[in-house]
Structure formats: structure tokens, C-alpha cells
Amino acid sequence: MSGAHAADTDYLVRQAMNTGYQWSSLIVPPAYIAYVVARRGRADLSINRVLRATWVGGLSAVSGGGAYLRYAYSGEEAVRMKRIETAYNTSILRRNDHSTIGGVLAAVLTPAILWKRASAVNLILGGAGLGSGVGVLTHYGRTVSGDPPSKVEVIQPVAAAE
């Protein structure tokens, strides 16, 4: 594997891991709440457990093994084109920005609001997960409400003639 192919693969694996964390942060909290309420009842539901499920679910979705296998064993030109498309996709960039902003804000605000209700680790990491999910919802809400990200025309590089 050439150096350029390895760099492209690393970039695409990081993007896949980021996307997995974002979707997991969006899906795990309501799924966990529904599971606990259906199986054990509302009395067993606690903020500490919801926050723990949020960050553990996000952590489990970060595994990039599948993405690595996909891109490491693909052709170098195909991986290069996918990296260029991903790097200039303004929708992905805005989703990542909203997710990061939401994660940082919630990692700070959740402990401030719920200090006595959960452990510090669950408050910070779970709050970051919840904020990441809210950031993804914000991105898609803006897109649906008529504020889509701008389109950037990507000019594909032409391979040198041999």
C-alpha cells in the first residue's frame, strides 16, 4: 500500500468512525430508554444509566474495522476519489461541525445541570454523546427546513498519461 493510499484510507476510516459515533449517539438513548421501560419498568430508569448507555453505545459504534477493510483492499484511484468527494461534501462537513459543537456544549452543560444525579464520567461522556446526537438532529433539521448546505463542485483530478 502506497503512502497516499494509506493516508486516504486513514482519512476515510476516521470519517466512518465519526459517522458511526454520531448515529449511535442519536439512536442509543431512545432505544435504551424504551428497552428499560418495556422490560423492567420506569422505576429502574435513571439518568446515570441513560448517560452510561449513551457513551458506551457511542464507543462501540466507533470500531472502524469494516471501513478499514473496505478501503484498504479497494483500488487506489477509487479510494482517492472517495476521499476527495468526502472532503468536499459540505453536508458531511456541516454535520460534523454541528455534532462537535453539540458534543462540546453538552459535555460542559450536562455536568453543570445534573451534577448530583450521575457520576462525573457518565455526565461528561454521556453529555457529549447526547450533544452529538442533538447536533446531528440540528443539521438535518436545518436541511429539511430549507437551509441546505451549499453545493461545491469538485473537479476530479485526471491521472497522468503514461
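In what follows, every heavy atom counts, from backbone to side chain, and hydrogens, waters and symmetry copies are set aside. Residues take their numbers from the sequence shown, with the count starting at 1. On a predicted model such as this, the values are computed, not experimentally measured, just so you know.
- Within the structure, ring pair (Phe, Tyr, Trp, His ring centres under 6.0 Å) contacts touching residues 26-57 (residues at least two apart or in different chains) do not occur.
- Listed by first and then second residue, the side chain to side chain donor-acceptor pair (under 3.5 Å) pairs involving residues 39-53 are N48-N122 (not counting sequence neighbours).
- Under the side chain to side chain donor-acceptor pair (under 3.5 Å) criterion, the residue pairs touching residues 124-135 are S99-S132, with sequence neighbours excluded.
- Considering CG of L137 and NE2 of H139, their distance stands at 10.5 Å, rounded to 0.5 Å.
- Shown here for A4 and E76, the closest heavy-atom pair between the two residues is CB-OE2, 4.2 Å.
- Of all heavy-atom pairs between A53 and V28, the closest is O-CG1, 3.3 Å.
- Among all heavy-atom pairs drawn from A67 and V13, the shortest one is C-CG2, 3.9 Å.
- Within the model, atoms CG of N96 and CD1 of I101 stand 11.0 Å from one another, a figure rounded to the nearest 0.5 Å.
- With rounding to the nearest 0.5 Å, the separation of CG in L114 from CG in L51 is 7.0 Å.
- Take R142 and apply the salt bridge (charged side-chain N to carboxylate O under 4.0 Å, His left out) test, not counting sequence neighbours, and it matches D147.
- The line from OG1 of T54 to CG of L26 is 11.0 Å long, rounded to the nearest 0.5 Å.
- No single ILVMFWY cluster, assembled from side-chain heavy atoms under 4.5 Å apart, contains both Y71 and L69.
- Atom CG of L130 and atom CG of L105 lie 13.0 Å apart (nearest 0.5 Å).
- Residues in residues 7-29 take part in these salt bridge (Lys or Arg N to Asp or Glu O under 4.0 Å) pairs, two or more places apart or across chains: D8-R80, D8-R83.
- In terms of hydrophobic clustering, with Ile, Leu, Val, Met, Phe, Trp and Tyr side chains grouped at heavy-atom distances under 4.5 Å, I113 and I47 are assigned to a common cluster.
- L109 and I124 are assigned to two separate hydrophobic clusters, defined by single-linkage of ILVMFWY side chains at heavy-atom distances under 4.5 Å.
- Under the side chain to side chain contact (heavy atoms under 4.5 Å, CB included) rule, K82 has a single partner from T86, I84, V79, which is T86.
- Taken together through direct or relayed side-chain contacts under 4.5 Å among Ile, Leu, Val, Met, Phe, Trp and Tyr, M17 and Y21 form part of one hydrophobic cluster.
- The stretch residues 88-109 participates, sequence neighbours left out, in no ring pair (Phe, Tyr, Trp, His ring centres under 6.0 Å) pair at all.
- You'll find the side chain of R95 reaches within 4.5 Å of the side chain of T19, heavy atoms only.
- Although no hydrogens or angles enter the test, the distance criterion places no donor-acceptor pair under 3.5 Å between the side chain of S24 and the main chain of G20.
- Taking CG of L123 as the reference point, atom NZ of K116 lies at 11.5 Å (rounded to 0.5 Å).
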